Undergrad: 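My questions all concern the structure below.
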There are 2 protein chains.
Amino acid sequence: MPKIVRERHDAIPALAEVFREHGFEGASLSLISERTGLGKGSLYHFFPGGKDEMAAAVLADVATWFESNVFAPLRNDADPRKGIGHMLTAVETYFQSGMRICLVGAFALGDARDRFAESIHRYFAAWRDALGDALVRAGLERKEAKERAEEIVAAIQGAIVLARALGEPAPFRRAMRRIRAMVMR
Amino acid sequence: MPKIVRERHDAIPALAEVFREHGFEGASLSLISERTGLGKGSLYHFFPGGKDEMAAAVLADVATWFESNVFAPLRNDADPRKGIGHMLTAVETYFQSGMRICLVGAFALGDARDRFAESIHRYFAAWRDALGDALVRAGLERKEAKERAEEIVAAIQGAIVLARALGEPAPFRRAMRRIRAMVMR
DNA sequence: GTCTATAGATCGATAGAC
DNA sequence: GTCTATCGATCTATAGAC
């Protein structure tokens with residue numbers, strides 16, 4: 001498929017897919033070049049820091065997307081339950097019912113963890129805290145809310161692992177349904 | 001640390017640690033050689049199929065360990081709740097409260113998934129089914145038991161992701177405590 | 001900005017001496 | 001069985017023409 005790349009940002013989606021499919025180590029520059037439609041010269045023009053900078057840019061883009069589409073609604077929606085419902089819908093679409101992995105979660109399990117430790121930590125802490133806030137506003141006691149938030153974020157990550165391992169989206173979909181039921185109760 | 005390697009099997013623990021720490025792609029033969037204490041010649045003597053065969057041997061070893069220490073107790077313990085309690089204790093030790101990742105889960109998220117799809121599928125299906133059996137014997141209806149088993153296996157995997165991402169064992173320990181409470185209820 | 005060519009290191013894997 | 005030496009391929013990254 002043809003790609004129009006005029007600035008660095010245009011290459012990010014293709015970069016993200018390559019890192020998701022092959023991991024940090026598995027994403028070779030030749031593969032990246034092929035999938036972005038950019039020669040190595042262009043890649044190093046946009047990302048002088050090489051593969052590290054490409055992955056960092058992808059992580060930053062993911063963080064921005066989640067901040068806008070998941071965390072902010074959790075914190076700001078007048079009805080916290082609506083914010084959580086919004087999160088679940090967004091997450092189900094984003095992860096394609098578990099058939100598309102969470103790049104940050106995969107990095108957390110792999111060799112790239114130390115390299116991007118701060119970004120990874122920030123992503124999960126922000127998610128957990130935003131969800132915890134929503135649960136407090138929904139009426140839960142603070143300590144209970146924090147633990148529930150942690151449980152839900154972990155459940156989503158685990159559902160992705162299981163869905164990918166079994167090769168079917170059903171475990172992910174069931175997990176989303178369980179979370180929805182738990183929250184709306 | 002010195003290693004005594006007389007047969008193929010003696011190299012498996014070191015191999016497993018290298019694959020766990022660096023992933024399939026990240027585990028280079030020179031790193032494997034260093035950590036097992038075996039030269040490349042010896043490695044290819046024991047594993048003629050190269051890195052693929054090494055990883056396959058590790059996965060087989062993991063499967064055997066879980067079969068003996070986790071799945072069999074789940075299926076055979078006269079008191080199914082005791083079997084589940086045994087599973088949780090074994091898992092907490094094995095994964096070092098989330099500071100040691102699940103190799104099969106990490107492979108499921110990474111590039112190695114396609115290569116070892118069958119082993120990965122079998123591992124998670126066996127775990128889910130053995131736990132489901134135990135829950136049926138504990139009195140749950142079959143459909144409810146299957147869903148609970150899936151939920152628990154996913155919760156463990158998600159707890160590992162979160163613990164690794166946040167760099168602390170607490171999320172994993174809390175998840176184990178929640179599962180225990182859910183089952184014993 | 002984008003390309004080709006290529007450097008320099010490291011990859012997985014093999015050969016052959018011992 | 002284990003080692004050293006080394007193969008060809010591939011890796012990340014750079015240089016320089018256009």
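Nothing here was measured: the structure is a model prediction, and the numbers come from that model.
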Undergrad: In whole angstroms, how far is the P atom of C/dT2 from the CD atom of A/E7?
TA: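 After rounding, the reported distance stands at 11 Å.
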Undergrad: Whole angstrom is fine here: how far is it from CD1 in B/I32 over to P in C/dG12?
TA: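 Spelled out: CD1 on B/I32 to P on C/dG12 is 7 Å.
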Undergrad: Identify whether A/M99 and A/L103 are in the same connected component of the hydrophobic contact network (ILVMFWY, side-chain heavy atoms under 4.5 Å).
TA: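 Looking at the clustering, A/L103 is in a separate group from A/M99.
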Undergrad: Taking NE2 from B/H45 and P from D/dT4, how many angstroms apart are they, rounded to a whole number?
TA: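 Taking atom P of D/dT4 as the reference, NE2 of B/H45 is at 17 Å.
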Undergrad: Within the distance-only criterion (no hydrogens, no angle test), does the side chain of A/S42 pair as donor or acceptor with the backbone N or O of A/L38 below 3.5 angstrom?
TA: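 Looks like no, no N/O pair under 3.5 Å.
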Undergrad: Provide, to the nearest angstrom, the distance between the CD atom belonging to B/E34 and the P atom belonging to C/dT10.
TA: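 That distance rounds to 13 Å.
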Undergrad: Taking atom C1' of C/dC11 as reference, at what distance in whole Å does atom CG of A/D111 sit?
TA: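 Checked: the CG to C1' distance equals 15 Å.
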Undergrad: Take the protein atom NE2 of B/H22 and the nucleotide atom P of C/dG12, then report the distance between them rounded to whole Å.
TA: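 Result: 12 Å.
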Undergrad: B/R115 has an atom CZ; how far is it from atom P of C/dG12, in whole Å?
TA: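 Checked: the CZ to P distance equals 11 Å.
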Undergrad: B/F116 and ring-ring contact (aromatic ring centres under 6.0 Å, His included): which single residue from B/F107, B/F19, B/Y123 fits?
TA: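 For B/F116, the ring-ring contact (aromatic ring centres under 6.0 Å, His included) check succeeds only for B/F107.
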Undergrad: May I have the distance from A/D10 (atom CG) to C/dG1 (atom P), rounded to whole angstrom?
TA: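 Taking atom P of C/dG1 as the reference, CG of A/D10 is at 12 Å.
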Undergrad: Before accepting this row, confirm whether a basic side-chain N of the pair B/R174/A/E150 lies closer than 4.0 Å to the acidic partner's carboxylate O.
TA: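 Yes, this pair counts.
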Undergrad: Taking only nitrogen or oxygen atoms into account, show me every contact under 3.5 Å that the protein makes with nucleotides 12-18 of chain D, one pair per line with its distance.
TA:
| unit_1 | atom_1 | unit_2 | atom_2 | d |
| --- | --- | --- | --- | --- |
| D/dT12 | OP1 | A/K51 | NZ | 2.9 |
| D/dT12 | OP2 | A/L29 | N | 2.5 |
| D/dA13 | OP2 | A/Y44 | OH | 2.6 |
| D/dA13 | OP2 | A/K51 | N | 3.2 |
| D/dA13 | O5' | A/Y44 | OH | 2.9 |
| D/dA13 | N6 | A/K40 | NZ | 3.3 |

Undergrad: With A/R100 as the cation and A/Y94 as the aromatic partner, state whether NZ or CZ is under 6.0 Å from the six-membered ring centre and within 45° of the axis.
TA: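 That pair qualifies as a cation-pi contact.
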Undergrad: Could you check whether B/E147 pairs with A/R178 (Lys NZ or Arg NE/NH1/NH2 to Asp/Glu carboxylate O, under 4.0 Å)?
TA: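 Result for this pair is yes, salt bridge flagged.
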